[in-house]
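The structure under discussion appears below in the form of structure tokens.
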Protein chains: 2
Amino acid sequence: MNTRLSERKETILQLIVNSFIQYPEPVGSKTLLQRSGLGVSPATIRSEMNELERLHYITHPHTSAGRLPTDKGYRYYVDHLLGQETSETEKIQARITALKHKIKSIDEFFSTVSNLISDFTSQVGVIVFPVLDELNFRYANLIYLSENKVLVVWATMSGLIKEQIVHLDKAVDPELLQHIANFMNQEFFGMPFHAIKAHMAKRISELERSYNKLATIADQIVSESIAARQERKVWIDGMSHIFAEPEFQEITTIKPLLEAFDQRERIAKVFEHDRTVDGITTTIGEENDTAEFKSCAIVRRNFYITDSLCGTLSVLGPRRMDYAKIFTAVEFVSGFVSNVFKEEKLF
Amino acid sequence: MNTRLSERKETILQLIVNSFIQYPEPVGSKTLLQRSGLGVSPATIRSEMNELERLHYITHPHTSAGRLPTDKGYRYYVDHLLGQETSETEKIQARITALKHKIKSIDEFFSTVSNLISDFTSQVGVIVFPVLDELNFRYANLIYLSENKVLVVWATMSGLIKEQIVHLDKAVDPELLQHIANFMNQEFFGMPFHAIKAHMAKRISELERSYNKLATIADQIVSESIAARQERKVWIDGMSHIFAEPEFQEITTIKPLLEAFDQRERIAKVFEHDRTVDGITTTIGEENDTAEFKSCAIVRRNFYITDSLCGTLSVLGPRRMDYAKIFTAVEFVSGFVSNVFKEEKLF
DNA sequence: TTTAGCACTCTAAATATATGAGTGCCAAGC
DNA sequence: GCTTGGCACTCATATATTTAGAGTGCTAAA
């Protein structure tokens, strides 16, 4: 399975993949020879191709067509045949540096970053930011809307703001709300949101005697807005790049993709990444669990907010992608984002 | 120009538009006769059609094809021939009522509403919410990030939260920030954001002597985050409905649409509406200024936040739309949204 | 092991043909 | 003076036919 191909087979596979990435048509032995300085005849190439096909690295759509890579072929290419292509790093670096001084809000920041990555790669850029749950509490602000409606504003240590309306069972007045807010800000500062519910439960028994009402309401606010199901934030950019790809020139192929992107919550799950995975991951074609993306490849890379917490930056495109270029871009940009959170202390 | 057509011409135009809305093909005199109980021969219909074509209400793509409405035809249809179709109002009403008790945040609320309207109409739903500028100040929160970086959180009276990072020219400490926040909250409460800049300028001369530093920094925060160009919020839902429309079955026709939707700020401008316009507005085909939407129709309706301030709820679809159904949906849903802001005092 | 030669395959493009829905116009009829 | 049946004409769409050429696999010789 994991055996290495002969050197010439590797070269030919690499040439086929490169050719197919550049020109979206199956390539034949003769054309391949022309495009590379390979010192053998078409017939030789053909017999090697025959072998590669037998091993399922390449295939051809019909008898008289050229060869193109299979998922397995792409996989081998990505794992073994990808030369470091450092061509465009300066360009990326330049735009990233320019960005550094313009960060205005997390929302705008990620919106810009997803645009950046999509621009560099000419593919769809997706960023998934972790749920509130996994972030740390900075402060809460409670705004009186009516006697049983409160607008709750949560701020995280990393600068994310989340607001939410809570319908209370008991009536409140603005003064009591202020007390509750003070209480929360004292109690929860720096605490991860997921720990708050439990902390609240512990404190409530102690409090109930003296501050019955305060405790009950604070508890309801925590239950309904922190403990309730939270949505991850997702930024998607450059969906129209899909139209440039020759494999997506028919509505029947584009439609499912765009429909999938209409479902943000699902997209968040698909593009999220295990936080323990460091470095770039690629899933190619059938390796993707999501039906809609089985004709695509996804390149993912975590960026880090704290040591234990991360978001994911991804690129989605056709299997026929310039992986070298995309790897460089993803590596750089995700590194930049991690930096913003860690070393630069921008948030 | 604004003259009324003869009754029979109106009937025929109406039949043509209705037929074309239901079946996306030009309709001929014979087919039209079959589909309607019109008591005249095809030849008669043909001569009437001829007349209607001479008056530019209908056209035909080639000699041997049936007729279809022009923009002018649709316009006449929308202005004069639209019967009240009250068929689905209960269904809409039901889903709206169910929604009322689940409002959690402005973001989620509009995300749900745009989904609702897109669902009812089977077209693209767009909601534009006014810029911060036009809303009223509730409170500001200043969070110390580093000695010259502040996270500013603005809350509006209507419950919208906006956060922004400001890079300060002068260094601050958390205590000073707290003073500035207190100052702002006292000074600006209830004031429309667009008035704050001027108010600040007026106060700064009085203050400068005693609170030099506070005033300078407060001024910078106001200038950089309130006075700076603000983005309207936009929610778009149901873009994949476009794929169901027969006039958008080729990538060349879909691509420009989706590319336009990638540019949020532009979309906001296109779908925004003059606040003085009350009631539904329709722009059909060439009536749309935006090049990308000249093959579409847009139905817009303002909803009201205060007497002088409003957002817009719109539906975008092909010219060949079921206007009656869409008018009903837009009317109901925008009415509901206005209600949420005004009478129900949810925010 | 490599290669030239050759018969064979199959798509894609180009061309030809047929179908039929729809039109405009005219002369006859109510 | 409308209305209508009849008829020649038009033109997009669908189907069938042909052609060109890129590419293959196989074989036999180097």
Side-chain angles (χ1 to χ4, degrees), chain A residues 5-13 15-20 22-70 73 246-247 249-250, chain B residues 5-13 15-20 22-70 73 246-247 249-250 252-253:
Chain A
L5 295 169
S6 79
E7 204 174 319
R8 193 166 69 188
K9 280 201 184 60
E10 280 199 347
T11 313
I12 288 173
L13 178 57
L15 285 169
I16 291 172
V17 177
N18 282 337
S19 162
F20 195 62
Q22 204 181 346
Y23 315 94
E25 259 119 45
V27 64
S29 52
K30 215 170 147 188
T31 321
L32 198 69
L33 185 60
Q34 274 168 18
R35 285 192 192 147
S36 72
L38 224 64
V40 284
S41 77
T44 311
I45 297 179
R46 273 206 293 286
S47 80
E48 288 284 48
M49 281 173 155
N50 216 316
E51 192 75 354
L52 279 169
E53 181 158 7
R54 207 180 45 75
L55 298 166
H56 300 294
Y57 288 101
I58 56 177
T59 183
H60 59 242
H62 55 86
T63 339
S64 67
R67 299 318 214 289
L68 58 97
T70 60
E247 40 271 83
Q249 288 301 305
E250 265 172 78
Chain B
L5 294 169
S6 78
E7 203 174 318
R8 193 167 67 187
K9 281 200 185 59
E10 280 199 347
T11 313
I12 288 173
L13 177 57
L15 285 169
I16 291 172
V17 177
N18 282 338
S19 162
F20 194 61
Q22 204 179 349
Y23 314 95
E25 259 119 45
V27 64
S29 51
K30 212 169 149 189
T31 320
L32 198 68
L33 185 62
Q34 274 170 17
R35 286 193 192 147
S36 71
L38 223 63
V40 283
S41 79
T44 312
I45 297 177
R46 272 206 293 286
S47 79
E48 288 283 47
M49 281 173 156
N50 216 317
E51 192 74 356
L52 279 169
E53 181 158 6
R54 208 180 45 75
L55 298 166
H56 301 292
Y57 288 100
I58 56 177
T59 184
H60 59 240
H62 55 85
T63 338
S64 66
R67 299 318 213 289
L68 58 98
T70 59
E247 41 273 82
Q249 287 303 304
E250 264 171 78
T252 45
T253 55

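Model, not experiment: these values are computed from the prediction. Sequence lines set the chain letters: A, B, ... in the order given, protein chains first and strands last, and positions in each chain run from 1.
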Quick check: closest heavy atoms across [X] and [Y], and the distance to 0.1 Å?
{"X": "Ile58(A)", "Y": "Arg67(A)", "answer": "CD1-CG, 3.7 Å"}
{"X": "Pro61(A)", "Y": "Pro26(A)", "answer": "CG-CG, 4.0 Å"}
{"X": "Thr44(A)", "Y": "Arg8(A)", "answer": "CG2-NH2, 3.7 Å"}

To the nearest Å, how far apart are [X] [atom1] and [N] [atom2]?
{"X": "Lys30(B)", "N": "dG24(C)", "atom1": "NZ", "atom2": "P", "result": "16 Å"}
{"X": "Glu51(A)", "N": "dC26(D)", "atom1": "CD", "atom2": "P", "result": "13 Å"}
{"X": "Leu33(B)", "N": "dT3(D)", "atom1": "CG", "atom2": "P", "result": "14 Å"}
{"X": "Lys9(B)", "N": "dT3(D)", "atom1": "NZ", "atom2": "C1'", "result": "14 Å"}
{"X": "His60(A)", "N": "dT9(C)", "atom1": "NE2", "atom2": "P", "result": "13 Å"}
{"X": "Leu32(A)", "N": "dA22(D)", "atom1": "CG", "atom2": "P", "result": "16 Å"}
{"X": "Met49(A)", "N": "dG23(D)", "atom1": "CE", "atom2": "P", "result": "9 Å"}
{"X": "Arg8(B)", "N": "dT3(D)", "atom1": "CZ", "atom2": "P", "result": "4 Å"}

Is [Y] close to [X] at the side-chain level, that is, under 4.5 Å between some pair of heavy atoms?
{"X": "Ile12(A)", "Y": "Leu5(A)", "value": "no"}
{"X": "Glu48(B)", "Y": "Val40(B)", "value": "no"}
{"X": "Arg35(B)", "Y": "Asn18(B)", "value": "no"}
{"X": "Leu68(B)", "Y": "His60(B)", "value": "no"}
{"X": "Lys9(B)", "Y": "Tyr57(B)", "value": "no"}

Any N/O pairs under 3.5 Å between the protein and nucleotides 11-15 of chain D? List them or say none.
from, atom 1, to, atom 2, distance (Å)
dC11(D), OP1, Thr63(B), OG1, 3.1
dC11(D), O2, Ser64(B), OG, 3.3

Between [N] and [X], is there an OP1 or OP2 to side-chain N/O distance shorter than 4.0 Å?
{"X": "Arg67(B)", "N": "dT23(C)", "value": "yes"}
{"X": "Arg54(A)", "N": "dG25(D)", "value": "no"}
{"X": "Asn50(A)", "N": "dG25(D)", "value": "yes"}

Please write out each protein N/O paired with an N/O of nucleotides 4-8 of chain D under 3.5 Å, distance rounded to 0.1 Å.
from, atom 1, to, atom 2, distance (Å)
dT4(D), OP2, Ser41(B), N, 2.8
dT4(D), OP2, Ser41(B), OG, 3.3
dT4(D), OP2, Thr44(B), OG1, 2.5
dT4(D), O5', Ser41(B), OG, 3.3
dG6(D), O6, Arg46(B), NH2, 3.4

Has Lys30(B) got more than 12 heavy atoms of other residues, nucleotides or ligands less than 6.0 Å from its NZ?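 Count not over threshold, so no.
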
